[in-house]
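Please read these numbers as outputs of a predicted model, since none were measured by experiment. Just the heavy atoms: all of them, side chains too, but no hydrogens, waters or symmetry mates, feed the values below.
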Amino acid sequence: MTHEAGIPLGIRFKLLSDTPQDSAAQVVSDVVIGDYRDLDTLREFAQGCDVITFDHEHVPTEHLRALEADGIPVRPGPDALQHAQDKGVMRAKLDAIGVPCPRHRIVADPADVAAFAAEGLPEGAEDDGFPVILKTVRGGYDGKGVWVVRSVEDAAEPFRAGVPVLAEEKVDFVRELAANVVRSPHGQAVAYPVVESQQVNGVCDTVIAPAPDLDEALALRAEEMALRIAKELDVVGHLAVELFQTRDGRILVNELAMRPHNSGHWTQDGAITSQFANHVRAVLDLPLGDPRPRAPWTVMVNVLGGDYPDMYSAYLHCMARDPRLKIHMYGKDVKPGRKVGHVNTYGDDLDDALDRARHAAGYLRGTITE
């Protein structure tokens with residue numbers, strides 16, 4: 001999708017891919033198959049590239065520093081990207097710049113988890129402070145590497161990975177939001193409308209743009225917070241700031257992602273300039289495009305794999321039923337629960353857009369048959 005956004009601008013892409021079956025490898029003409037964790041492979045791949053960017057955060061930070069030392073521009077740079085790679089580093093930095101986050105700290109073992117849980121209790125409280133959230137500091141996404149721990153006995157599993165573990169309070173939130181911004185090397189930045197992100201089993205299911213019934217002042221605060229994070233961390237490219245809206249009227253930062261993000265997929269059809277197009281513009285230091293929405297409401301619903309590996313007949317039904325529907329598939333093998341695509345709808349009526357998007361996603365998955 002980033003490649004698609006670059007085609008009208010005449011931008012040529014070179015792709016380092018794990019396998020020929022990766023989504024981007026199916027559409028980019030210049031593909032190198034190799035391991036992004038191998039520095040020699042990265043150095044050889046980078047020759048002839050004007051700039052390096054990513055569709056995930058897992059390239060080792062020290063390898064990116066080596067590419068920069070070789071004179072290859074890396075955007076976002078490793079100094080910024082480490083805050084999306086390591087949750088402990090991210091929390092420490094956000095604390096230092098005064099960005100509100102859930103109460104947290106690195107914990108050493110289950111007994112330390114119990115001590116952390118108790119730290120949040122008011123004096124004289126009778127409970128033990130559980131549940132708390134435990135996260136491995138690196139490698140987690142879509143609910144992986146995250147545990148809701150309800151007792152000290154439940155706290156052992158996260159430590160088996162052998163990496164640092166971050167404990168966080170379980171936030172009493174009304175809903176999850178996301179603020180998506182894009183920043184260029186010379187400091188130009190744009191902000192998309194704040195969206196509501198609805199999760200099912202730890203996986204993003206639905207995104208509504210803009211977030212319904214969000215107080216204008218709170219929305220502005222979220223946008224300003226995301227722009228400030230992008231500036232303070234020197235992010236170049238797209239930054240998604242995942243947020244909790246609490247019952248007492250606050251917004252707290254949950255996660256950061258420095259790449260085009262699921263919460264911004266609605267922009268493909270619902271914004272004047274998509275997140276993918278603006279990410280390409282940013283990493284090449286081109287003027288950024290207008291992030292404003294095209295319609296009052298846009299809804300994105302993820303298509304998860306179900307029992308039907310061949311979705312062609314389902315396309316026909318969905319396209320015929322709703323000519324305004326936008327379907328985006330990833331070329332992935334269909335496996336139960338795997339994200340294999342998404343659909344976008346838009347219009348003047350939110351309920352109508354939600355119904356259309358959810359019907360299409362359900363029909364493509366096979367959970368709706370009429």
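- Residues in residues 5-27 take part in these side chain to side chain donor-acceptor pair (under 3.5 Å) pairs, two or more places apart or across chains: S17-D22, T19-D22.
- Under the 4.5 Å side-chain heavy-atom criterion for grouping Ile, Leu, Val, Met, Phe, Trp and Tyr, L325 is not connected to Y346 through any hydrophobic cluster.
- No path of Ile, Leu, Val, Met, Phe, Trp and Tyr side chains, each step under 4.5 Å between heavy atoms, connects L284 with I7, placing them in separate hydrophobic clusters.
- In this structure, V27 and E4 have side chains that are not in contact, with every pair of non-hydrogen atoms separated by 4.5 Å or more.
- In this view, R37 and D35 satisfy the side chain to side chain donor-acceptor pair (under 3.5 Å) rule, not counting sequence neighbours.
- The number of heavy atoms from other shown groups lying within 6.0 Å of CG (D248) is above 12.
- Screening residues 166-177 for side chain to side chain donor-acceptor pair (under 3.5 Å) gives R91-E168, K135-E168, D172-R247, R175-E196, R175-Q245 as the qualifying pairs, with residues at least two apart or on separate chains.
- For the atom pair CD1 (I251) and OG1 (T246), the distance works out to 9.0 Å, reported to the nearest 0.5 Å.
- The distance from the CG atom of D70 to the CZ atom of R43 is 4.5 Å, given to the nearest 0.5 Å.
- Every side chain to side chain donor-acceptor pair (under 3.5 Å) that Y330 has, sequence neighbours left out, goes to H342.
- A ring pair (Phe, Tyr, Trp, His ring centres under 6.0 Å) check over residues 90-126, counting only residues at least two apart or in different chains, returns nothing.
- Grouping the Ile, Leu, Val, Met, Phe, Trp and Tyr side chains by contacts below 4.5 angstrom, directly or via other members, places L227 with L233.
- Residue H63 holds its NE2 atom at 9.0 Å from CG of L67, rounded to the nearest 0.5 Å.
- Residue pairs satisfying the ring pair (Phe, Tyr, Trp, His ring centres under 6.0 Å) criterion with at least one member in residues 154-173, sequence neighbours excluded, are listed as follows: F173-F244.
- A 6.0 Å sphere centred on CD of E44 holds no more than 12 heavy atoms belonging to other residues, nucleotides or ligands.
- Using a cut-off of 4.0 Å between Lys/Arg side-chain N and Asp/Glu carboxylate O, K93 and D86 are scored as not salt-bridged.
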Any chance you could lay out the side-chain contact (heavy atoms from CB on, under 4.5 Å) test for K339 and N262, step after step, and finish with the verdict? CA-CA 10 Å; K339 288 181 188 173; N262 205 174; 2.6 Å; yes
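- Between S263 and M300 the shortest side-chain heavy-atom distance does not fall below 4.5 Å.
- Closest of all the heavy-atom pairs between D290 and R292 is OD2-NH2, 2.6 Å.
- In this structure, R183 pairs ionically with D234, as a charged nitrogen and a carboxylate oxygen lie closer than 4.0 Å.
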Evaluate the salt bridge (Lys or Arg N to Asp or Glu O under 4.0 Å) criterion for residues R356 and D322: first the C-alpha distance (whole Å), next the side-chain angles of each, then the deciding distance (0.1 Å), finally the verdict. CA-CA 8 Å; R356 290 161 49 214; D322 185 356; 2.7 Å; yes
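- For T367, there are no side chain to side chain donor-acceptor pair (under 3.5 Å) partners at least two apart in sequence or on another chain.
- Using a 4.5 Å heavy-atom cutoff, the side chains of I229 and V253 are in contact.
- Within the structure, salt bridge (charged side-chain N to carboxylate O under 4.0 Å, His left out) contacts touching residues 110-121 (residues at least two apart or in different chains) are R103-E119, R105-D112, R105-E119.
- Here L166 contributes atom CG and T136 contributes atom OG1; the two are 9.5 Å apart, rounded to the nearest 0.5 Å.
- Residues I327 and C318 meet the side-chain proximity criterion, which asks for heavy atoms closer than 4.5 Å.
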Kindly list each side-chain donor-acceptor pair under 3.5 angstrom involving residues 206-215, sequence neighbours excluded, with atom names and distances?
unit_1: D215; atom_1: OD2; unit_2: A217; atom_2: N; d: 3.0
unit_1: D215; atom_1: OD2; unit_2: L218; atom_2: N; d: 3.2

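- M225 has its side chain within reach of P100: a pair of non-hydrogen atoms, C-beta onward, lies under 4.5 Å apart.
- The CZ atom of F45 lies 5.0 Å from the CG atom of L16; values are rounded to the nearest 0.5 Å.
- In terms of hydrophobic clustering, with Ile, Leu, Val, Met, Phe, Trp and Tyr side chains grouped at heavy-atom distances under 4.5 Å, V340 and V301 are assigned to a common cluster.
- Here T41 contributes atom OG1 and I33 contributes atom CD1; the two are 11.5 Å apart, rounded to the nearest 0.5 Å.
- Checked against a 6.0 Å centroid threshold, the rings of H317 and Y363 count as neighbours.
- When every heavy atom of V132 is checked against every heavy atom of A117, the shortest pair comes out as CG1-CB, 3.8 Å.
- Looking only at side-chain heavy atoms (C-beta outward), F54 and V59 come within less than 4.5 Å of each other.
- Both V235 and I52 belong to a common hydrophobic cluster when Ile, Leu, Val, Met, Phe, Trp and Tyr are linked at side-chain heavy-atom distances under 4.5 angstrom.
- For the residue pair T61 / Q85, a side-chain donor-acceptor distance below 3.5 Å is found, with atom types taken as modelled.
- Contact of the R65 side chain with the V74 side chain is not registered, since no non-hydrogen atoms from C-beta on lie closer than 4.5 Å.
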Side chains of residues 274-283: which donor-acceptor partners sit under 3.5 Å, not counting sequence neighbours?
unit_1: S274; atom_1: OG; unit_2: F276; atom_2: N; d: 3.3
unit_1: S274; atom_1: OG; unit_2: A277; atom_2: N; d: 3.0
unit_1: Q275; atom_1: OE1; unit_2: H238; atom_2: NE2; d: 3.3
unit_1: Q275; atom_1: OE1; unit_2: H261; atom_2: N; d: 2.9
unit_1: Q275; atom_1: NE2; unit_2: H261; atom_2: O; d: 2.9
unit_1: Q275; atom_1: NE2; unit_2: G264; atom_2: O; d: 3.4
unit_1: Q275; atom_1: NE2; unit_2: H265; atom_2: ND1; d: 3.0
unit_1: N278; atom_1: OD1; unit_2: G289; atom_2: N; d: 2.7
unit_1: N278; atom_1: ND2; unit_2: Y192; atom_2: OH; d: 3.0
unit_1: N278; atom_1: ND2; unit_2: G289; atom_2: O; d: 3.2
unit_1: H279; atom_1: ND1; unit_2: H238; atom_2: N; d: 3.0
unit_1: H279; atom_1: NE2; unit_2: T53; atom_2: OG1; d: 2.9
unit_1: R281; atom_1: NH1; unit_2: P287; atom_2: O; d: 3.2

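- Residues passing the side chain to side chain donor-acceptor pair (under 3.5 Å) test with E62: none are found, sequence neighbours excluded.
- Sorted by first and then second residue, the salt bridge (charged side-chain N to carboxylate O under 4.0 Å, His left out) pairs involving residues 47-56 (not counting sequence neighbours) form an empty list.
- Annotation for D348: atom CG does not count as buried by contact number, only 12 or fewer foreign heavy atoms lying within 6.0 Å.
- The shortest distance between side-chain heavy atoms of L121 and D127 falls below 4.5 Å.
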